[in-house]
Amino acid sequence: MPASYAYLGPEGTFTEVALRTLPETATRQLIPYVSVQSALDAVRGGEAEAAFVPIENSVEGGITTTLDELVAGTPLMIYREVLLSITFALLVRPGTELSAIKTVSAHPAAQPQVRNWLKANLPEALWESAASNADAARLVQEGRYDAAFAGEFAAARYGLTALETGIHDAENAQTRFVLVGRPARPAAPTGADKTSVVLWQRDDHPGGLRDLLGEFATRGINLMLLQSRPTGAGIGNYCFCIDAEGHISDRRVADTLTGLKRICRDVRFLGSYPRADVVSAADVPAPLPGTSDEAFMSAADWVARCQDGRF
Ligand SMILES: O=C(O)C(=O)Cc1ccccc1
């Protein structure tokens, strides 16, 4: 049996479309799961080699179910990311007219991406959240809802027709998906990589978040995502999910993580993996002066010589 990848299903999700852009899926069995949690649990339990799930979109930010799963429980690691441009179709059972639509459904992350369209075209329709956009299409097929926002490609799979296509409130809306597996050595750096971590502050004090961010800033590291998530320990108690440029094998990134580990109550490393937003390492700005691997190595060498009295 080939190794399998779990993904947020059922068949016909944007997640499946994004997953199929990874070349190795040609030799993997792709297994749909009903939720992000169940796909990630399949990895934790050893049923699947990896899981592919949405993590962030350019309209609303982090997909909180995914972030919360990565923040807590048995540690997992991100190995790849994929960006997909998203535009929705309004899928209905054949023959349904716009005026007959009383209920609409989709994944919660779809709502902020179609809100204006809904207000202008179906102001009275009742929104019902589904486990995924394709699941909403499946529920329309079953007669539970009148319409679903999903990819146009899902229509045929669920015997539906697209009453409208190209629905998107924001131009160039993109969703980011990640391939998540059990912890192992990260892939070698490509020169255009990203590192994801979760940080828990040691204590609550003025400038606490600035102290954490300062660890990145002083090593010239740009951030790509900063999302706070409640720890569950009470109002005002948050951890921070951070994506930063670079790979853990870059000296400036390793040094930043060392600094964070010293000052945080806890740090969870979520992986170093190739960036999907740049084509090649040539598109990534060079490290700021004093933050290259050479600068870190020669400074460490100088300290060692000082310790030996050999400067
Ligand atoms: O993959 C899907 O179809 C999902 O339900 C997740 C999602 C939600 C909104 C935009 C892109 C992906």
Side-chain angles (χ1 to χ4, degrees), residues 55-56 58 61-62 67 70-71 75 77-79 81 176 178 183 185-231 233 236-311:
I55 193 168
E56 178 187 0
S58 59
L67 293 176
L70 295 178
V71 161
M77 251 175 68
I78 301 171
Y79 290 91
E81 68 171 10
R176 184 177 151 237
V178 286
R185 180 182 283 273
T190 63
D193 303 285
K194 184 186 264 191
T195 292
S196 300
V197 287
V198 188
L199 309 177
W200 286 264
Q201 280 177 285
R202 177 161 290 154
D203 53 30
D204 188 20
H205 64 274
L209 177 58
R210 195 185 64 174
D211 292 346
L212 305 187
L213 300 183
E215 297 291 324
F216 294 95
T218 54
R219 281 114 178 156
I221 294 179
N222 204 18
L223 300 187
M224 287 132 161
L225 172 97
L226 169 61
Q227 175 118 23
S228 56
R229 293 299 303 148
T231 61
N237 240 298
Y238 287 90
C239 62
F240 301 101
C241 300
I242 291 182
D243 285 356
E245 69 181 359
H247 191 281
I248 191 167
S249 65
D250 295 338
R251 297 282 170 143
R252 64 187 181 286
V253 175
D255 203 60
T256 302
L257 296 185
T258 310
L260 289 168
K261 186 69 185 164
R262 280 190 290 102
I263 65 170
C264 287
R265 179 163 58 78
D266 200 6
V267 179
R268 185 177 273 210
F269 174 63
L270 289 180
S272 288
Y273 48 93
R275 280 170 63 169
D277 61 332
V278 290
V279 179
S280 80
D283 301 321
V284 177
L288 292 177
T291 67
S292 66
D293 278 3
E294 296 68 36
F296 272 96
M297 284 188 295
S298 78
D301 186 51
W302 174 78
V303 172
R305 281 187 282 110
C306 290
Q307 288 167 335
D308 268 356
R310 289 187 294 111
F311 54 94

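- Minimum heavy-atom separation, R275 to D193: CD-O, 3.4 Å.
- In this structure, A188 and H247 approach most closely via the heavy-atom pair C-NE2, 3.9 Å.
- Taking 4.5 Å as the limit, some side-chain heavy atom of F216 sits within range of a side-chain heavy atom of I242.
- Closest of all the heavy-atom pairs between S272 and T195 is OG-OG1, 2.8 Å.
- Screening L67, V71, L70 for a side chain to side chain contact (heavy atoms under 4.5 Å, CB included) involving V198 leaves a single residue, V71.
- In this structure the side chain of Q227 never reaches within 4.5 angstrom of the side chain of E56, judged on heavy atoms.
- The line from CZ of F240 to CG of L212 is 6.5 Å long, rounded to the nearest 0.5 Å.
- Listed by chain and number, the residues in a side chain to side chain donor-acceptor pair (under 3.5 Å) with D255 are R219 (sequence neighbours excluded).
- Minimum heavy-atom separation, I263 to R202: O-CB, 3.6 Å.
- Taking 4.5 Å as the limit, every side-chain heavy atom of E81 sits out of range of all side-chain heavy atoms of I55.
- For P287 against R252, the heavy-atom pair with the smallest separation is CG-NH1, 3.8 Å.
- You'll find the side chain of M77 reaches within 4.5 Å of the side chain of F269, heavy atoms only.
- Of all heavy-atom pairs between S196 and R176, the closest is OG-NH2, 4.5 Å.
- Distance check, rounded to the nearest 0.5 Å: CG of D293 to OG of S298 gives 11.0 Å.
- V178 places none of its side-chain heavy atoms less than 4.5 Å from the side chain of L270.
- Between W302 atom CH2 and R310 atom CZ the span is 13.0 Å, to the nearest 0.5 Å.
- The 12-atom threshold is not exceeded at CZ of R251, counting heavy atoms of other residues, nucleotides or ligands nearer than 6.0 Å.
- Distance OG1/T256 to CD1/I221: 3.5 Å, rounded to 0.5 Å.
- Looking at residues two or more places apart in sequence or on another chain, you find no side chain to side chain donor-acceptor pair (under 3.5 Å) involving S228.
- Side-chain contact between L225 and K194 is absent, with no heavy atoms from C-beta onward closer than 4.5 Å.
- Counted within 6.0 Å of CG on D204, heavy atoms from surrounding residues, nucleotides or ligands total 12 or fewer; the atom is thus considered open.
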